[in-house]
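Worksheet: one structure, shown below.
Here is how names work: the chains are called A, B, and so on, in the same order as the sequence lines, proteins then strands, and each is numbered from 1.
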Protein chains: 2
Amino acid sequence: MIYIMVKFNVKNPSGFPEFAPAAENLRQQWVQIISDVFKKYGFISITTPLVEREENLLGKGGNAKEMYALKRVHDDTNGDSGNALRFDHTVPLALYVARHFNDLTFPFKRSVIGPVFRGERAQKGRFRQFDQCDIDIIGNEKLDIKNDALVIAVIVEIFKKLNIGDFKVRINNRKIFNFLDEQSTEVINVIDDLEKIGLEKVTENLLALGLGQSVVDEVLELLNQGSLETLQDSEGKTELQQLLDALKSMGVDENCYQIDTSIARGLDYYTGTVYETQMMGHPEFGSVCSGGRYDDLASVFTNKNLPGVGISIGLTRLFSQCLDVGIIMPEKSSPTEVLLIAADQEALPRLLELGAELRNSGIVAENYLENKKLVKQFDYADKLKIPYCVVMGERELAQNVVQVKNMNTGEQKTVNISECIKVFR
Amino acid sequence: MIYIMVKFNVKNPSGFPEFAPAAENLRQQWVQIISDVFKKYGFISITTPLVEREENLLGKGGNAKEMYALKRVHDDTNGDSGNALRFDHTVPLALYVARHFNDLTFPFKRSVIGPVFRGERAQKGRFRQFDQCDIDIIGNEKLDIKNDALVIAVIVEIFKKLNIGDFKVRINNRKIFNFLDEQSTEVINVIDDLEKIGLEKVTENLLALGLGQSVVDEVLELLNQGSLETLQDSEGKTELQQLLDALKSMGVDENCYQIDTSIARGLDYYTGTVYETQMMGHPEFGSVCSGGRYDDLASVFTNKNLPGVGISIGLTRLFSQCLDVGIIMPEKSSPTEVLLIAADQEALPRLLELGAELRNSGIVAENYLENKKLVKQFDYADKLKIPYCVVMGERELAQNVVQVKNMNTGEQKTVNISECIKVFR
């Protein structure tokens, strides 16, 4: 007896996920929901190359240690490289705006959904290839604060439609720290760790920055504000108020967002509004959707002054977290609504015709084409959870009828072939 | 006066295309058309990682010279590499089937749309990153020849819907060369060059294979067959006849396909039916959609016998060819149907409310949020080809009305705000 060895390790490379058909179907429904909402608000969907010049990626915040460069296989000269895989959608956006500046109308509202790559240590919930869904609004020279509210309206609508539980978009504005002058960035970086290390340690770290006790107290009080009213007047407070006013005008559900002066977001990039989004029942997910306002999208690539505001949903991570904890359950992989089954092969040509007719009237219809026993054919419908089967044998062919079987109830009835389309409409 | 230098070369890397918004919008419409038709026939849409183990890619036909390996930027140890970018959708399909075998129902009808990578010399119409749209039907042990017809039905429907001119799917079956026994592969490779080098040179090359004059004559006569009737009986002829019968039953437009015994397709991979597709007015495009039947999808990855049939549309290439020769003309980039414009900033909150109401009734509505003059706001609508503007100033606010302007005709009328949604429905 000869055993055939499987010759290759077929496992997908660590950190590069793929999903079985039913889960993938669900994932694609998410993508559809997200892109439909982006579109509904007038965002222009663009696609940028997965590959950019390494120097451009590194020149705008890219972490060399996590970046994947491209080189030709078995080419030690490194061939035409100098290119690397994108690690986010923001650098490609900056490049896109620089490249197509004259084709764009500002404010430029762009959406993008697609994979980005980071050579992180692969672990549960951390991927090396993962989809991000981003929107950004880019102004030419100026951009009104109401755009910062619009972005929240979009996100709230998406998370409601994903229907994966209660969530809250937490909103802050970095300008409330402006009174700290040049130390504000350091302070924000310390505050950013609040949820990780706790208030006591944050206080310690603030003192370690050399801030006086009274300033530290001021910062701590700031973090403790539940509402805008008690906040000291500042440009940050004014902007937050304008943002809240706009959210109210747009009728965004007030249960889905809140001002939270303790969120900071670590990136130096942000200059005003910042967002994080938590799933209320799942703090362990971390922020599932983050972003903020920045003054300068692309000054390294153009001499234009391009302020913007954007937000990003970490799709692959959130999706796989929701799968893991059972918030979502993959069910069906096939789009087919009707499977046409030949009880005798003589009936197959007529069923091919009927299949085409059904499809032409907008029904997703599939012919079973293999010459197999009825039970095998029904088994295919069962496994793919196809809701209806249309069965025809010699007898039905002669009588110009079909058997229509509801696969959920088991109910079966004889239908005139000319009525068949009506039945499914 | 100080000139600010643009510090980086922002051009996209050669061979990695991106499109300006209007063209990209058109491209996405193509993707939608293609994926809708795939779905209509019951194909299961999957997504595979962009990255696979190098050995798996090389083990199944990958050309090392054209393959992009991944390495960490500035990591001379080559880090966690051993992975490379996929160069087609077939190897990932074979791996997918091997990985998820027990989650799949056979025949497995899968579709995929997405980028693949080849490190070719970049030139007009040749890309290093390009989208391919593939369908394949994979049988477990066996797969009926009618599947080979189904694939054509799908392609014909797609090309009709793309509406880019007359096309013809040319169909052959390699088994008609079976009488040549072990030389059939060599002969097919020679024939494959027919369109490039002409009949005379092909004859020469056939003789050079050591075939006798009578065999060469037989091959040449075979290439000259306009219909099945005159073809000698063979398994290939029988399969072609069955395929034509199935196409007829499905009502596929006979103007859109033909038997052509001169097409061969160079890849050793194919074992039966082969397809190529030409745009009738544009022979210079080459084959825009090719594929065929193969006996063995994945024997290097599994010990299963998995015959299949598949076809692939070279989306990026075809799209950019159509753009170049003017078959398609990008028009509109924005999905927005209605732009809401504030003639006075006092009206903006009410317009934000109205914008949300419009969106909730399914209209793509966008508020202009910048505090700019009316003419600038209309300019935004003009440039984005937004068909309607809704304008409100202090006066309209007081009277609870809006001005609705048709941007194509210039026509403007006053509408009660409560009637506004009805107007657009």
Checking A/Thr302 side chain against A/Ala98 main chain: does a donor-acceptor pair fall under 3.5 Å?
no
If we define contacts as heavy-atom pairs under 4.5 Å, which of A/Ala153, A/Ser45, A/Gly251 has the most with chain B?
A/Ser45
If one checks every heavy atom of A/Asn25 against chain B at 4.5 Å, the contacting part turns out to be neither
Walk me through whether B/Gln28 and B/Glu24 qualify under side-chain hydrogen bond (donor to acceptor under 3.5 Å, both in side chains).
CA-CA 6 Å; B/Gln28 290 185 17; B/Glu24 173 59 18; 2.7 Å; yes
Between B/Arg359 and A/Glu157, does any NZ, NE, NH1 or NH2 come within less than 4.0 Å of an OD or OE carboxylate oxygen?
no
Answer with side chain, backbone, both or neither: which region of B/Tyr368 has an atom nearer than 4.5 Å to a non-hydrogen atom of chain A?
side chain
Can you tell me which of B/Glu52, B/Lys142, B/Lys11 forms the most heavy-atom pairs within a distance under 4.5 Å of chain A?
B/Lys11
May I ask you to check whether over 12 heavy atoms, not counting those of A/Lys372, lie within 6.0 Å of atom NZ?
yes
Residue part contacting chain A, namely of B/Ala246, when any heavy atom lies under 4.5 Å:
both
Smallest separation among heavy atoms of A/Phe301 and A/Ala94, with atom names:
CD1-CB, 3.7 Å
Could you tell me whether B/Glu366 and A/Lys109 have a side-chain N and a carboxylate O separated by less than 4.0 Å?
yes
At a 4.5 Å cut-off on heavy atoms, which part of A/Leu104 comes close to chain B: side chain, backbone, both, or neither?
side chain
Taking A/Ala356, A/Gly59, A/Pro107 one by one, which has the highest count of heavy-atom pairs under 4.5 Å against chain B?
A/Pro107
Which atoms of A/Ala298 are under 4.5 Å from chain B, going by heavy atoms: the side chain, the backbone, both sets, or neither?
neither
Need one label for B/Pro21: side chain, backbone, both or neither, based on atoms under 4.5 Å from any heavy atom in chain A.
both
Counting only heavy atoms closer than 4.5 Å, note whether B/Asn360 contacts chain A via side chain, backbone, both or neither.
both
Heavy-atom pairs under 4.5 Å with chain B: which of A/Leu95, A/Ile363, A/Asn147, A/Ile386 has the most?
A/Asn147
Closer than 3.5 angstrom, by distance alone: can the side chain of B/Asn371 be matched with the main-chain N or O of B/Gln345 as a donor-acceptor pair?
no
Atom group of A/Leu50 that falls short of 4.5 Å from chain B, counting heavy atoms:
both
Heavy-atom contact with chain A under 4.5 Å, split by part of B/Leu354
neither
In short, A/Asn367 meets A/Leu339 closest at the heavy-atom pair C-CD1, 4.3 Å
Pick from B/Met250, B/Arg53, B/Glu66, B/Glu337: which one has the most heavy-atom pairs with chain A under 4.5 Å?
B/Arg53
Among B/Val51, B/Leu348, B/Ile46, B/Ile145, who wins on heavy-atom pairs under 4.5 Å with chain A?
B/Val51
Would you say that B/Leu384 contacts A/Ile44 through its side chain, given a criterion of any heavy-atom pair below 4.5 Å between the two side chains?
yes
Which portion of A/Gln129 sits near chain B, non-hydrogen atoms under 4.5 angstrom:
side chain
Looking at B/Asp36 and B/Lys40, is any side-chain nitrogen of the basic one under 4.0 Å from a carboxylate oxygen of the acidic one?
no
Sort A/Glu353 into side chain, backbone, both or neither according to what part of it lies under 4.5 angstrom from a heavy atom of chain B.
both
For A/Phe87, the ring pair (Phe, Tyr, Trp, His ring centres under 6.0 Å) test, sequence neighbours excluded, returns none
Which residues share a ring pair (Phe, Tyr, Trp, His ring centres under 6.0 Å) with A/Phe117, sequence neighbours left out:
none
Interface moiety of A/Ala365 toward chain B, non-hydrogen atoms closer than 4.5 Å:
backbone
I'd like to know whether NZ of B/Lys332 has more than 12 heavy-atom contacts from other residues, nucleotides or ligands below 6.0 angstrom.
yes
Can you tell me which of B/Gly42, B/Ala149, B/Pro349, B/Pro17 forms the most heavy-atom pairs within a distance under 4.5 Å of chain A?
B/Gly42
Part of A/Ile137 within contact of chain B (heavy atom distance under 4.5 Å)
neither
Side chain, backbone, both or neither: which part of A/Arg27 has a heavy atom under 4.5 Å from chain B?
side chain
Against chain A, work out which of B/Leu57, B/Thr48, B/Leu351, B/Leu143 has the most heavy-atom pairs shorter than 4.5 Å and name it.
B/Leu143
Check: A/Ser361 side chain, A/Leu358 main-chain N or O, donor-acceptor pair, under 3.5 Å
yes
Counting heavy-atom pairs under 4.5 angstrom with chain B, the leader among A/Thr47, A/Thr336, A/Asp379 is A/Thr47
Is a side-chain donor or acceptor of B/Arg86 paired with a backbone partner of B/Pro115 at a separation under 3.5 angstrom?
yes
With respect to chain A, which residue among B/Arg99, B/Lys146, B/Glu55, B/Lys39 yields the maximal number of heavy-atom pairs within a distance under 4.5 Å?
B/Arg99
If I measure from the heavy atoms of chain B, does A/Phe19 come under 4.5 Å with its side chain, its backbone, both, or neither?
backbone
Of the backbone (N, CA, C, O) and the side chain (C-beta and beyond), which part of A/Pro92 lies under 4.5 Å from a heavy atom of chain B, both, or neither?
neither
